[in-house]
Amino acid sequence: MRRNEDKFPDNGFEAWGGYMHAKISKLEEQFSARAGTEETLSNIFNGVSIYVNGFTVPSADELKVLMSKHGGVYHVYQRSDDYIIASNLPDTKVKNMNLAKVVKPQWIVESLAANRLLDYRDYLLYGTSRTQKQINFRKIIKENDSLANDIKFNDTKQEQDLSEIHKTINEPNTTTSDQKPSKERLDNATSLDCQEILKQNLGAVTKTAADPEFIAEFYKNSRLHHISQLGACFKQHINELRENSNFQFPAREQLKEIILASNNFKNLSQLKFEKNKIIMHIDMDCFFVSVGLRNRPDLKGKPVAVTHSKGGQGRSKRPGVDRDTEFNLYKQNKAKKLGITTGISHDEIKIENRVDDIDEEDSKYGSMSEIASCSYEARAKGLSNGMFMGSALRLCPDLQTIPYDFDGYKEVAYTLYNTIAQYSLDIEAVSCDEMYLDCTELLSDMNVNVQGFATILREEIKAKTGCPCSTGFGGNRLQARLATKKAKPDGQFFLTEDLVEDFMYDIKLRDLPGVGSQTAYKLESLGHITCGSLQTLTLASLKSHLGNKTGAQLFEQCRGRDPNPLTFHTVRKSVSAEVNYGIRFENNYQCLEFLKQLSAEVHSRMHQFKAMGKCITLKLMVRAKDAPVETAKFLGHGYCDVINKSVSLQTATNDLEVITKEVILLCKKQNIDPTEMRGIGIQVTKLDYVTSRPTVGAINKFLFNNKIPKAKIKSEIKAELVETDQRNNPTTPTKSKVSTSPKKSPIISIKSPTIRKRGRPSKSLRQPSNNLMNKFLQGQNVGRDVPYKDPMIRAVVKEEVERKVEQSQTPRGLLGLPWNKVRALLRAWLDSGETPLQCDVVMIIDYLQEMVINKNIEKLQVLMNFLRRTTRDTGSVAWLEVYNRISEEVQNAMVAVYGKKLYISN
DNA sequence: ATCCTCCCCTAC
DNA sequence: TAAGGTAGGGGAGGAT
């Protein structure tokens, strides 16, 4: 029995042990009861279980009946081995699901028609057909055509080449066992393409970054890449759920009913009203392992690790490898740094720790594959995530390894998030397997106590995903998180207010979020290991040792306090891609090609997030002077110097050519021998957001070709902001010329959702408070009788203004241009006869709304009249639509600002 | 004072 | 063999 349960003896929730099972079996009982009334007609679907996702034809109910009549199983909750029947899935779902078993309902229908179970793979919703592999094979050739300058394939030629390649591959004695295939083989190949294909299919050559397929291959296998991508993905998912939700949660009602219906559960009702906030932290237990064990129940209870390595001995030593020298460099560097400053890089400590774990002789040639996740049984033997397999095997010779299952992680994470989302959307996504939930409102609404809710939720998650999780509760995010740590594995813990002080006293500083090895080391050298001990330090002292912010944060944290609220909506601030593995160039050409590819990767991500950026940073890892050329870890980066160089553009861009050009320029400036490079990264910051395709619209072209002096724009924007700020601060006298109703002005910088639902600025303004704003604006007839006296609203206003000031440091779109210039631009745009682009329209709307907000009504009238006349003159329907939309949005802005539409005279 | 660049640190 | 990514917070120190 875990300690935390001892602290909370019988409060009835043990009875919940079977809650999910009860719920599921009840639903399934109903199903079989109903199904049982019909006789079984066939056994076509014997051994097949389905889960229906969304609207289908036949409907879920019909499918249910069909399954039961023909020997199959219908699940109300999705289980891991279910076929998922769906006719279409929303984009977000598609992104987050393992699509390998998402099947069209036709599969069922046609199987019935054929009176046998057809191959589901022919009915995959997003399927790659079974012949896909061959198609890909040809595609490689086509894609690489540009490289094969002189040789063009026609179809027949392709066939010949392919069969030749197959022949080559299949001849046993031609496969080389060396690191490289024999030179002659490559020279005999008919083209560069064939060489590539040969290399790939022989598997004899390991891909390095010089290979055009390397980035894709690397990312496909990189755990860190997946962790990072999934995390971002679920943050976005929550953003979207919140934007599209009506904040009704049917699961709550369901739960309430079950609670009411059952005597067993009555004592779960919340007896007292919890007046403080209750934050819940949910974290899956050793996530990767748990997901992997779903298919390997035989390994449950054993020490298990997820890794690329198969667990066998590492290969024999490669020539040139000198682990001692390399590890010593890390150690020396650490010592050197410690002598001069307390700062030590994360990486070195990480490596150093690993080195410490390794018995020199034993592990000199052990596998350097990293452990992504290990089970609690393995942890008991001293293993930890990130450890090398070599040292892990030494500590735990019977360690079982299982491979990665990235699709599985995604699927489970998706199920996890959607399960929680049935109860509340006050979720802060931390990563694919971890989140915070503000359940204050939820608990009082459902009239359930904390432990009861935790039990229900954990049961439900386990039932749906097959994976255990732990949850912690507390008055703030820090407490919730520490509670989870105590609860693990597969437990729950409520850190109540009265326990906090004692609880914090023994918490290790290293266990505080934000305190990593470096900070912990510094604190340790100050003589502090635990929170209790650190509480004796003064705020000033902490600040002087760790910096202002970090010091202040730690001061609060070691007392169990955490002023940071949950953030439900996230706005991305940078986009980057980096590869520090497999970087081995032979010449400048390969390096350049790689830079181009990596730029394309960043560009495509920017495109995906609709982001434009102003600042481009290139990060290079270069072999340090004394480091061995051959790294200890196969194709690793080894001991390196790191260089960061950035360039600030005048205008935000999402243009691939611009990015590539700047990146190459930055790289060339460093003048580094490409053969010494070990890692490359590209980051884009100072983001702006667009709604359009990255197509350069007419206005963008205009802006791009007519570079506006930075200083000028900056000063104009600053002036504008000062003005806005003043108007929005009730205590500051307003300077507006057209002040129709001064008391209403504070609300105006908040653009109503209808005004700001598109366009880049809306993104930055759409913050957690937006929901509040939404409700407020919808419920209150904005502009009539402005209730900004409400302190809550005022706080929101202030927040929005501050954010606006912060976001508007950079000029964007048309803002900052004089109105007559915009008029000229509009004319040129209309005259050009080009189809209006969404991004341009949004920019115009932004500009005009800005005029409304600035009460620049006269100039606005001129522009609107001009726009109306010229639109009429063009006689274009597309333009008429554009005009109508612009007009509508401007009117909306007027309602928000003045409380009424101002009709612009002709 | 405030901003910018180049780091470092942390988290998953 | 092996797949050492990525985003955000923050600090030091120089430029303005």
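By convention in this document, chain letters (A, B, ...) are assigned in the order of the sequence lines, proteins followed by strands, and residues within each chain are numbered from 1. No hydrogens, no waters, no symmetry mates; every other heavy atom, side chains included, goes into these values. Please read these numbers as outputs of a predicted model, since none were measured by experiment.
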field: Near-parallel close stack of A:His308 and C:dA3 base (under 5.5 Å, under 30°)
entry: no

message: Checking A:Asp283 now: which residues fulfil salt bridge (charged side-chain N to carboxylate O under 4.0 Å, His left out) with it, not counting sequence neighbours?
response: A:Lys488

task: Kindly write out the residues that satisfy ring-ring contact (aromatic ring centres under 6.0 Å, His included) with A:Tyr404, not counting sequence neighbours, or none if the list is empty.
output: A:His308, A:Phe406

field: Whichever of A:Gln229 and A:Ser369 has its nearest DNA chain C nucleotide further upstream toward 5'
entry: A:Ser369

message: Regarding A:Ser228, tell me which of base, sugar-phosphate or nothing describes its non-hydrogen contacts under 4.0 Å with the strands shown.
response: base

Reference residue A:Glu578; test salt bridge (Lys or Arg N to Asp or Glu O under 4.0 Å); the match among A:Arg678, A:Lys619, A:Arg605: A:Lys619

- request: Identify whether any heavy atom of A:Leu512 sits under 4.0 Å from a base atom; if not, whether one sits that close to sugar-phosphate; answer base, sugar-phosphate or nothing.
  value: sugar-phosphate

- prompt: Base, backbone or nothing for each nucleotide of nucleotides 8-14 of chain C, written B, S, -, heavy atoms under 4.0 angstrom, 5' to 3'?
  reply: SSSS---

message: Distance alone, cut at 3.5 Å: any donor-acceptor contact between the side chains of A:Gln597 and A:Glu601?
response: no

task: Mind telling me whether A:Phe234 and A:His237 have parallel, tilted or perpendicular rings, with 30° and 60° as the class edges?
output: perpendicular

task: Calculate the interatomic distance between A:Glu428 atom CD and C:dA7 atom P; express it in whole Å.
output: 17 Å

query: Of all the nucleotides listed (C:dA3, B:dA11, B:dC12), which has the minimum atom distance to the side chain of A:Ile227?
result: B:dC12

query: Is the phosphate of B:dC6, meaning OP1 or OP2, less than 4.0 Å from a side-chain N or O of A:Lys619?
result: no

